[in-house]
Number of protein chains: 2
Amino acid sequence: MNLSDFLKQFVSFPPEELEDIISHFEKEIVQKNKTLVTQGQVCNKLYFIEEGVGRSYYLKEDGKEITQWFFIEGKFMSSIESFFQQVPSLYYLEMLEDSTIYSITREKLDALFAKYHDMEKFGRLLSTEMLTRVVNKLNALQFQTARERYDYMLTEFPNISNRVSLGHIASYLGMTQETLSRIRRNDSPKRP
Amino acid sequence: MNLSDFLKQFVSFPPEELEDIISHFEKEIVQKNKTLVTQGQVCNKLYFIEEGVGRSYYLKEDGKEITQWFFIEGKFMSSIESFFQQVPSLYYLEMLEDSTIYSITREKLDALFAKYHDMEKFGRLLSTEMLTRVVNKLNALQFQTARERYDYMLTEFPNISNRVSLGHIASYLGMTQETLSRIRRNDSPKRP
DNA sequence: TGTATCCTTTGACCTATGTCAAAAAGTAAA
DNA sequence: TTTACTTTTTGACATAGGTCAAAGGATACA
């Protein structure tokens, strides 16, 4: 999905607004393993992924990486609270495949929010949608077993497992790689 | 904190806009244990708490209640994804103290979003703020021990523990009441 | 001011998941 | 196709936190 179609999903922009908005994004081709943002740095870009996969991850004191979120094509990617509150990012942002992305700076985005009421609405709807998705994950982590959390993930990110490593998925789900491997072994989808 | 001050924290509304906006809210005095929304029902009001505490909770198959969020005075309260996506609520909303709240329907709120660009901006900022808070809890649940999660909660909701029951807090933190009781017993604040 | 009800603590025991270590299976590079 | 490296699986063992049951404390109301 391209950026224009994505924007139109949320708000029916007049064509000339849409064109103006899109003209403020910059296309970037990035390679697998490229780090977009480092822990401690303020993230001042919002990215739209046209093609590819990325993740945000947190580095623990003991050096272990904890995946916080996956971002796939047709979605926005950012270190959310760093971008919106302009505070140092707790996370790294990294691409996991060769990808085509479009980026916009905080300044330009704010200008668009101020210029177009429609854009402000888009921003609001995008936030609430993301909020919904985060709440779903929260529920999974708060009251589900390891097995159920794995099932949740398959609905949130279908076939992500062919694209990213087991270790990344395990930490995303708040479990170890060994536990996830054992869950997969008994892989009849859970029936209650 | 009252509604007017809360709105002004996010956006500097012109006085007449502010007045118009506030006039669409309805004041309600509700008693302790009042249920505002039931699981399965679409939540079509957003509440502002002027005084009091509430919570959202989920009822598991085995009848156990799991607190999902606490809402205190000076904050908005709702079954977020039910209100914004107009789908049946997964949660109950309940007040835990006698409270003074202000409510607005989805229709009226949408009309205000459409009427005032400033209000749309307020909506966007409110969503991103809530998103940030939810992400913080997500992190706590995803990679912290029971003890650390308890410490996290004390920063997110200082002295909530004097106002709501231990069982509510425990389920909010994804642990049993017994575990929380044991954590509290050894209550020297964790030093790393 | 006693009685019923609810909330919190404690103890004994159990289990899901983590930890550590090594083997096996993939993947890439030469 | 051999070598080196990364990822996944497996096994043995450890432990945080859950479960169940009962005893204390609070609180409310009659």
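Quick caveat: nothing in here was measured; it's all calculated off a predicted structure. Within every chain, numbering begins at 1; the chains are lettered A, B, ... in the order of the sequence lines, protein sequences first and strands thereafter.
Here the CH2 atom belonging to A:Trp69 is positioned 9.5 Å from the CD atom belonging to B:Gln142, to the nearest 0.5 angstrom. The distance from atom CZ of A:Arg149 to atom NZ of A:Lys137, rounded to the nearest 0.5 Å, is 10.0 Å.
With rounding to whole Å, A:Asn162 atom CG is found 15 Å from C:dG26 atom P. As a whole-Å value, the separation of B:Leu173 CG from D:dG17 C1' is 14 Å. Distance B:Gln177 CD to D:dT19 P: 12 Å, rounded to the nearest Å. In this structure, B:Tyr150 places its OH atom 13 Å from C1' of C:dT8, rounding to the nearest Å. Remark: P of C:dA25 and CZ of A:Arg184 are 17 Å apart, rounded to the nearest angstrom. Nucleotide D:dT6 holds its C1' atom 12 Å from the CG atom of A:Asn33, rounded to whole Å.
With a 3.5 Å limit on both pairing distances and Watson-Crick or G-U wobble geometry required, the stems of 3 or more pairs in DNA chain C span C:1-30 with D:1-30.
A perpendicular orientation is assigned to the rings of A:Phe122 and A:Phe6, their planes being inclined by more than 60° (bins at 30° and 60°). Taking the six-membered ring where tryptophan is involved, the planes of B:Tyr152 and B:Tyr172 are essentially parallel, since the angle between them stays under 30° and well short of 60°.
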Given protein heavy atoms under 4.0 Å, the one-letter contact record of nucleotides 11-24 of chain C, with B base, S sugar-phosphate only and - none, is simply BB----SSBBB---
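Hydrophobic clustering, with ILVMFWY side chains joined whenever heavy atoms are under 4.5 angstrom apart, keeps A:Val135 apart from B:Tyr92. Cluster annotation: A:Ile169 is not connected to A:Tyr57 through the hydrophobic network of ILVMFWY side chains, with a link wherever side-chain heavy atoms come within less than 4.5 Å.
A 4.5 Å side-chain heavy-atom check between B:Ser171 and B:Lys64 finds every atom pair outside the cut-off.
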Return a table of donor-acceptor pairs under 3.5 angstrom between the side chains of residues 32-46 of chain A and protein atoms on other chains or two or more places apart.
{"residue": "A:Gln39", "atom": "NE2", "partner": "A:Leu90", "partner atom": "O", "Å": "2.9"}
{"residue": "A:Gln41", "atom": "OE1", "partner": "A:Thr38", "partner atom": "N", "Å": "3.1"}

